[in-house]
Amino acid sequence: MKNLTAFLILCLALFSAGGHASETAGLSSVKIDVFDLDAIQRGAGVYANYCAGCHSLGQMRYSRIQKDLDLSEAGMRKTFMLGDAKLHDSLKTALSPADGETMFGVAPPDLSLVARSRGGDWVYSYLKGFYVDPSRPLGVNNRVAENIAMPNVLWGLQGIQEPVRSELHGESVITGLKLVKPGSQSVSEFDQTVRDLVTFLAYVAEPSQLQRLPLGKYVLFFLLILIVVFRRLKKEYWKELH
Ligand code: HEC
């Protein structure tokens, strides 16, 4: 019985390890649901309008998105396929790395895996973390990624933020951001937009999780049934020897 209890505890521990929450200072945590196909689709639309001009998603093909979201080719074209892209193309950007470097000093990176390498909380906080900073070449800085070269492409939706500073050990540090000029979306609408975008990027970073995660539950259930069967078998075999 002890072994069985230990195994069940191990299963529970493995289950709960899946939903890790990062609590790094300065980051806001975001709850996303990669099974929310509507959120992925909305996020893909925002991505096509605001990000695809500079960033590629080289590991993802339109055809995969079409299959996972169960969309028609016409629906795909309308929502987020660029120009004359073909369904089996990967999501490239029209901006060449050389042009990117000339414009921003560094080529915009491919974002296929960013939701895994940085984590959803980081990407969410980053996209909401731009503030006015006249000392920077583009007039903006970012609370999560200081001195990053990316312009604040979502400012029209979010509005303009200024830093709130406090003195800490004689140094002026940013303790928060405040909205000084509203954008076209309210604060909660913008939160939703960024959450959708992060959901889309989390899906892109590992599309197979849509199939893998539900399958995992069946596998564990199957293993639990096997334990019961094998325990009974063991009892049966050892009965004679006791
Ligand atoms: C006008 C070009 C441009 C657009 C449009 C743009 N970015 Fe960027 N982005 C950049 C550049 C340049 C960098 C690299 C900055 C650096 O490393 O200093 C960057 C960096 C990033 C990073 C940081 C990657 C990392 O790991 O350091 C993320 C995340 C990101 N962009 C997401 C987005 C998203 C999401 C959108 C759409 C809402 C977007 N970007 C739109 C130019 C752009």
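Given the structure is predicted, the values throughout are model-derived calculations rather than measurements. Numbering starts at 1 and runs along the sequence shown. Atoms within each ligand, like the ligands themselves, are counted from 1 in listed order.
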(message) Testing Leu69, Asp196, Ile32 one by one against Ile40 for a side-chain contact (heavy atoms from CB on, under 4.5 Å), which residue passes?
(response) Leu69
(message) Once you restrict to heavy atoms under 4.0 Å, what part of Val46 touches ligand 1? Side chain, backbone, both or neither.
(response) neither
(message) Quick check on contacts: which atoms of ligand 1 are under 4.0 angstrom from a heavy atom of Phe104?
(response) 1 (C), 2 (C), 12 (C)
(request) Starting from atom 18 (O) of ligand 1, find the nearest protein heavy-atom neighbour and note its residue, name and distance. (result) Ala149 N, 2.9 Å
(message) Counting non-hydrogen protein atoms only, what is the nearest one to atom 27 (O) of ligand 1? Give residue, atom name and distance.
(response) Arg118 NH2, 2.9 Å
(request) From the options Gly100, Pro108, Pro109, Cys51, select the one whose nearest heavy atom is closest to atom 24 (C) of ligand 1. (result) Pro109
(request) Indicate, as side chain, backbone, both or neither, the part of Leu197 found under 4.0 angstrom from ligand 1 when only non-hydrogen atoms are considered. (result) side chain
(request) Could you tell me whether Glu73 and Arg77 have a side-chain N and a carboxylate O separated by less than 4.0 Å? (result) yes
(message) Against ligand 1, does Pro151 come closer than 4.0 Å with any heavy atom?
(response) yes
(request) Give the residue, atom name and distance (to 0.1 Å) of the protein heavy atom nearest atom 42 (C) of ligand 1. (result) Met150 CG, 3.6 Å
(message) Any carboxylate oxygen within less than 4.0 angstrom of a Lys/Arg side-chain nitrogen, looking at Arg42 and Asp38?
(response) no
(message) Counting non-hydrogen protein atoms only, what is the nearest one to atom 1 (C) of ligand 1? Give residue, atom name and distance.
(response) Cys54 SG, 2.7 Å
(request) Report the part of Val153 (side chain from C-beta onward, or backbone N, CA, C, O) that has a heavy atom under 4.0 Å from ligand 1; answer both or neither where that applies. (result) side chain
(request) Tell me whether His55 has at least one N, O or S atom under 2.8 Å from atom 8 (Fe) of ligand 1. (result) yes
(message) Among all the protein's non-hydrogen atoms, which is closest to atom 32 (C) of ligand 1, and how far away is it?
(response) Leu111 CD1, 3.5 Å
(request) Measure the CD-OH distance between Gln66 and Tyr62 for me, rounded to the nearest 0.5 Å. (result) 12.5 Å
(request) Pick, from Tyr126, Tyr47, Phe200, Tyr124, the option with the minimum heavy-atom distance to atom 28 (C) of ligand 1. (result) Tyr126
(request) Indicate yes or no: at least one non-hydrogen side-chain atom of Lys86 is less than 4.5 angstrom from one of Arg61. (result) no
(request) Pull out every atom of ligand 1 sitting under 4.0 Å from any heavy atom of Leu127, numbered as shown with elements. (result) 34 (C), 35 (C)
(message) List ligand 1 atoms under 4.0 Å from Tyr50, heavy atoms only on the residue side.
(response) 5 (C), 37 (C), 38 (C), 41 (C)
(message) I need the Asp33 CG to Thr199 OG1 distance, nearest 0.5 Å.
(response) 7.5 Å
(request) Return the minimal non-hydrogen interatomic distance between Gln209 and Tyr203, and the atom names on each side. (result) NE2-CA, 4.1 Å
(message) For Thr193, run the side-chain hydrogen bond (donor to acceptor under 3.5 Å, both in side chains) check against Lys128, Gln185, Gln158 and tell me which one passes.
(response) Gln185
(message) If you define the side chain from C-beta out and look only at heavy atoms, does anything of Glu206 sit under 4.5 Å from Arg116?
(response) yes
(request) Measure Ile148 to ligand 1 on non-hydrogen atoms and call it side chain, backbone, both or neither using the 4.0 Å cut-off. (result) both
(message) With side-chain contact (heavy atoms from CB on, under 4.5 Å) as the test, pick out the partner of Leu57 among Thr93, Leu111, Val114.
(response) Leu111
